[in-house]
Amino acid sequence: MEMIKVGMADYKATKSPGVLITFGLGSCVGIALYDKSTKVSGLAHVMLPSSKEIKNNSNKAKFADTGIDALIDEMVKLGARKSNIVAKIAGGAQMFSFSSQNDMLRIGERNAIASKEKLKDHRIRILAEDTGGNFGRTIELNTETGELQIKTIGHGIKVV
């Protein structure tokens, strides 16, 4: 099966068969989307919650608010039906501890919240979520089954 790598601040969509993989999710969030009927899948690796908070926002894939929109558009171009798309998300860790309660430093949690809100705006159901903690994750989306494998350092491997 073809292995398609999705980099940081990137997204990719494909038809089955294939595996979409992204490495090193820390505070970033991986959004795996899957249309069971057409087996069109997509994976985004977003770094920040909102394109509206940053001046240099030309890379849509970098932000939850614009990256999810772009990924859905890409999947629809490949034949996915938006009403059939479901989601699984992972990442959003707090990799470092801070004594401050400054919201700007809680980037992982903010990424996860922004991703969930954007998926809700699109009426896309979240079937599974593995967010938070203080450890990195690597995720692989099987485009044939829609299964998401989550590998974590020190916390093992699970499939959701």
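No path of Ile, Leu, Val, Met, Phe, Trp and Tyr side chains, each step under 4.5 Å between heavy atoms, connects Leu78 with Val86, placing them in separate hydrophobic clusters. Using a 4.5 Å cut-off between side-chain heavy atoms of Ile, Leu, Val, Met, Phe, Trp and Tyr, with links allowed through other members, Ile139 and Val159 fall into different hydrophobic clusters. One hydrophobic cluster, built from ILVMFWY side chains closer than 4.5 Å, holds both Ile89 and Met75. Note on Leu33: it does not cluster hydrophobically with Phe63, by side-chain heavy-atom contacts below 4.5 Å among ILVMFWY residues.
Looking at Lys120 and Glu117, no side-chain N of the basic residue comes within less than 4.0 Å of a carboxylate O on the acidic one, giving no salt bridge. Between Lys88 and Glu147 no salt bridge is recorded (no basic side-chain N to carboxylate O distance below 4.0 Å). Taking the charged nitrogens against the carboxylate oxygens, Glu53 and Arg110 do have a contact shorter than 4.0 Å, which makes a salt bridge. Under the 4.0 Å criterion applied to side-chain N and carboxylate O atoms, Glu140 and Lys151 are assigned as salt-bridge partners.
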After noting the C-alpha distance and the side-chain angles of Asp73 and Val76, does the key distance pass the side chain to side chain contact (heavy atoms under 4.5 Å, CB included) rule? CA-CA 5 Å; Asp73 288 347; Val76 169; 5.8 Å; no
As a quick check of understanding, evaluate side chain to side chain contact (heavy atoms under 4.5 Å, CB included) for Thr14 and Leu20, giving each step before the final call. CA-CA 8 Å; Thr14 189; Leu20 290 161; 4.1 Å; yes
Assess the residue pair Asn56 and Ser58 against the criterion (side chain to side chain contact (heavy atoms under 4.5 Å, CB included)); give the C-alpha distance rounded to whole Å, side-chain angles, the decisive distance to 0.1 Å, and a yes or no. CA-CA 6 Å; Asn56 181 10; Ser58 59; 3.6 Å; yes
Is there a salt bridge (Lys or Arg N to Asp or Glu O under 4.0 Å) between Asp35 and Arg81? Walk through the geometry before answering. CA-CA 7 Å; Asp35 177 346; Arg81 290 188 57 199; over 6 Å; no
Determine whether Glu144 and Lys39 satisfy the following criterion, side chain to side chain contact (heavy atoms under 4.5 Å, CB included), listing intermediate values before the conclusion. CA-CA 6 Å; Glu144 184 65 26; Lys39 298 196 178 185; 2.9 Å; yes
Tell me, with the steps shown, if Asp69 and Lys118 meet salt bridge (Lys or Arg N to Asp or Glu O under 4.0 Å). CA-CA 8 Å; Asp69 289 346; Lys118 194 60 172 177; 3.3 Å; yes
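Between Ile85 and Ile124 the shortest heavy-atom distance is O-CG2, 3.6 Å. Across all their heavy atoms, Gly91 and Leu25 have their closest contact at CA-CB, 4.3 Å. For the pair Ser41 and Tyr34, the tightest heavy-atom approach, listed with the atom from each and the gap, is OG-CD1, 3.1 Å. Between Ala87 and Leu119, the closest heavy-atom pair is CB-CD1, 3.8 Å. A pairwise comparison of heavy atoms in Ala90 and Ile150 identifies CB-CD1, 4.3 Å as the closest pair. Scanning all heavy atoms of the two residues, the minimum distance from Tyr11 to Ala61 falls at CD2-CB, 3.4 Å.
Looking only at side-chain heavy atoms (C-beta outward), Asn57 and Thr66 stay at 4.5 Å or farther from each other. Residues Met8 and Met47 have side chains in contact (heavy-atom distance under 4.5 Å, counting atoms from C-beta outward). Residues Gln149 and Asn142 are not in side-chain contact: their nearest non-hydrogen atoms beyond the backbone lie 4.5 Å or more apart. At least one side-chain heavy atom of Lys52 sits less than 4.5 Å from a side-chain heavy atom of Asp65. When side chains are defined from C-beta on, Val19 does not count as touching Ile4, because their heavy atoms never get closer than 4.5 Å. Taking the side chain as every heavy atom from C-beta outward, Ile126 and Lys116 approach each other to under 4.5 Å. Side-chain contact between Lys12 and Leu71: absent, with no pair of heavy atoms (C-beta onward) separated by less than 4.5 Å. The shortest distance between side-chain heavy atoms of Lys62 and Val46 does not fall below 4.5 Å.
Here the straight-line distance linking atom OG1 of Thr145 with atom NZ of Lys36 works out to 10.5 Å at 0.5 Å rounding. Considering OG of Ser16 and CG of Leu141, their distance stands at 10.0 Å, rounded to 0.5 Å. Atom OG of Ser51 is separated from atom NZ of Lys60 by 9.5 Å, given to the nearest 0.5 angstrom. Atom NZ of Lys5 is separated from atom CD1 of Ile21 by 8.0 Å, given to the nearest 0.5 angstrom.
A donor-acceptor pair is defined here as one N or O able to donate and one able to accept, closer than 3.5 Å; such a pair exists between the side chain of Thr143 and the backbone of Gly18. For Thr138 (side chain) and Phe23 (main-chain N/O), no donor-acceptor pair under 3.5 Å exists by modelled atom type. Here the side chain of Asn111 pairs no donor or acceptor atom with the backbone of Ala64 at under 3.5 angstrom. Judged by distance alone, the side chain of Asp10 and the main-chain N or O of Ala44 form no donor-acceptor pair under 3.5 Å.
The only option from Thr152, Thr22, Asp130 that meets the side-chain hydrogen bond (donor to acceptor under 3.5 Å, both in side chains) definition with Arg137 turns out to be Asp130.
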